[in-house]
**Student:** 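Here it is, the structure, as structure tokens.
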Amino acid sequence: MSLAPRLDLRQSQSLVMTPQLQQAIKLLTLSNLEIEGVIAEEIERNPLLDSTAAPDDGSTVPAAAEAPTRDEPAGADELVMAGEAAGEALDVDIAAERFDDGPGDHAGPSSANTVSLSSGEAPDLDAFAGSDESLADVLLTQAGAAFGDSDLFIARALIDQIDEAGYLRADLLDIAQRLGVALARVEAVLAAIQRFEPTGVGARSLAECLAIQAREADRYDPCIAALIDHLDLLARGDLTRLKRICRCDDEDMADMIRELRGYDPKPGCRYGGEAPPPVIPDLTVVRARNGWAIELNAATLPRVLVNKSYYSELSSGPQDKAGKAWLAEKLASANWLVKALDQRQRTIIRVATEIVRQQEAFFLHGVAHLRPLTLRQVADAIEMHESTVSRVTSNKYLSCARGLFELKYFFTSAIQAADGGDAVSAEAVKSAIRALIAGEGAAILSDDTLVEMLNAKGFGIARRTVAKYREAMGIGSSVQRRRARALAG
């Protein structure tokens, strides 16, 4: 074998993802609100890009579809996209393309953007929001008025260790050693903090939190103290043993349980913490005269324009070779972003339209009629790759007459029917389990009984599946529900 250097020619195939293709894939996974941030960054980098607010004159993006219907529920085959344009390929010669001011240039009137409101002034939803002041701020304000300089230093150290729920998550001995003070002094400062508002703050356990509130309400007698010391028995519903420990009868026990239920187990949660941002739908689906109107939410979809006048001004001036290359690069990048956004809109509409086609019974009749559906089924129907459908349905929400749903919600596993008929979705089975438990009445239904009732409804389901679905919905077992009912009584 020769060890001398030589030159060889080899042919090979490889998948190369250009930056533009990576950007297009990234845009598919983002919601409309996240797109705004991406566009803002691109505008900062590219002077040829300009953004305008979403039109408020009733116009909308062209990415919309309408499916026909009749007086009778339309079949899936009759749900066709109206005015669907073929998506432009992303690997085109951008320099040879004409200027396009974005999808908003072709906007037309849409009735889906019009919402009728009842007469009268709308409620101020901001009035229901929690306080902007954090729990730490509330406690520090009270500590400043209650302690001197030396104790205030200890109080601040303790308040720093109180979590959002109002509990002290630190060992007092560690704090005393770190601050170089006596443990008794730290305990005295903590006892004073536990008298602050909200009542129960600074507790180190649930039992201590409830005890603080019971003392504040002047209800901390030996009976309720024994009850608080045995919360584990209360959780298990062992009322017989609790009555013996607390030395009380049924009426006193019921009264103490009602008292405990009136206390706040997480007193710090009423303060601070940013309110979770509201979920804004990316798509709207409404029943139209001829079917289903499906369109993007134009209110959250910014318009991106290529600033042609600025480009003409720059290109007409004196430029060197590097300046011309820079301007051409920015022009190509601007045109690419506009095309990628337009393609994203059309892709989302195609996927959403196929979801409505497949799940038409859900939109007409509810969750009990949700069909099993996979990403591959949608991908095959619209002739796209399964990964593309997965990206499109990520972080996207659909608003319809039945509520707000994530697009992933419509993809559920199949449960075989007991009679050998068509399979049903897991969500439909969960809905049936929830309905049966909600209407169980005085007789608590066991999982075995639920299996029999579900099989009678045509669901071929095993007991372990019922238990899994019940736990996923946060519903306790028959024993837990029986105990909870006994405590409620």
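For the single chain, residues carry numbers from 1 onward in sequence order.
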**Student:** Do Arg346 and Asp342 sit within salt-bridge range, that is, some charged N less than 4.0 Å from a carboxylate O?
**Tutor:**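 Yes, charged N to carboxylate O under 4.0 Å.
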
**Student:** Decide whether Thr449 and Glu452 meet the rule of one side-chain donor and one side-chain acceptor closer than 3.5 Å.
**Tutor:**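 No, no side-chain donor-acceptor pair sits under 3.5 Å.
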
**Student:** Taking atom CZ of Arg169 as the centre, report whether more than 12 heavy atoms of other residues, nucleotides or ligands fall under 6.0 Å from it.
**Tutor:**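 Yes, enclosed.
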
**Student:** Is Glu406 close to Val279 at the side-chain level, that is, under 4.5 Å between some pair of heavy atoms?
**Tutor:**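 No - every pair of side-chain heavy atoms lies 4.5 Å or more apart.
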
**Student:** Within a radius of less than 6.0 Å around NZ of Lys324, do more than 12 heavy atoms belonging to other residues, nucleotides or ligands occur?
**Tutor:**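 Counting neighbours around NZ of Lys324, 12 or fewer heavy atoms of other residues, nucleotides or ligands fall under 6.0 Å, so no.
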
**Student:** Name all pairs fulfilling the salt bridge (charged side-chain N to carboxylate O under 4.0 Å, His left out) condition that reach into residues 7-28, sequence neighbours left out, sorted by first residue then second.
**Tutor:**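 The answer is Arg6-Asp8.
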
**Student:** Just wondering, do Leu234 and Leu231 contact through their side chains at under 4.5 Å, heavy atoms?
**Tutor:**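 Counting from C-beta outward, Leu231 and Leu234 do come under 4.5 Å.
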
**Student:** Going by the salt bridge (charged side-chain N to carboxylate O under 4.0 Å, His left out) test, which pairs reach into residues 374-388, not counting sequence neighbours?
**Tutor:**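 Listed by first then second residue: Arg376-Glu386.
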
**Student:** Quick one: does Val466's side chain get under 4.5 Å of Val451's, heavy atoms only?
**Tutor:**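 Contact flag for Val466/Val451 side chains = yes.
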
**Student:** Indicate yes or no for a side-chain donor-acceptor contact from Glu34 to the backbone of Ser31 under 3.5 Å, with no hydrogens or angles considered.
**Tutor:**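 Answer holds: yes.
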
**Student:** Can Glu360 and Arg371 be counted as an ion pair, charged N to O under 4.0 angstrom?
**Tutor:**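 No salt bridge links Glu360 with Arg371.
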
**Student:** Picking from Leu49, Asn46, Ile43, what satisfies side chain to side chain contact (heavy atoms under 4.5 Å, CB included) with Leu337?
**Tutor:**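 Exactly one pass, corresponding to Leu49.
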
**Student:** Are any side-chain N or O atoms of Arg402 and backbone N or O atoms of Phe362, one a donor and one an acceptor, separated by less than 3.5 Å?
**Tutor:**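 Confirmed, Arg402 side chain pairs with Phe362 backbone.
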
**Student:** Indicate, with yes or no, if the rings of Tyr397 and Tyr409 have centres closer together than 6.0 Å.
**Tutor:**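 Distance test on ring centres: not under 6.0 Å, no.
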
**Student:** Mind checking salt bridge (Lys or Arg N to Asp or Glu O under 4.0 Å) for Arg470 and listing every partner two or more places apart, or none if nothing turns up?
**Tutor:**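 For Arg470 the salt bridge (Lys or Arg N to Asp or Glu O under 4.0 Å) partners, ignoring immediate neighbours, are Asp447.
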
**Student:** If you round to the nearest 0.5 Å, how far is CG of Asp171 from CZ of Arg204?
**Tutor:**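 Those atoms lie 9.0 Å apart.
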
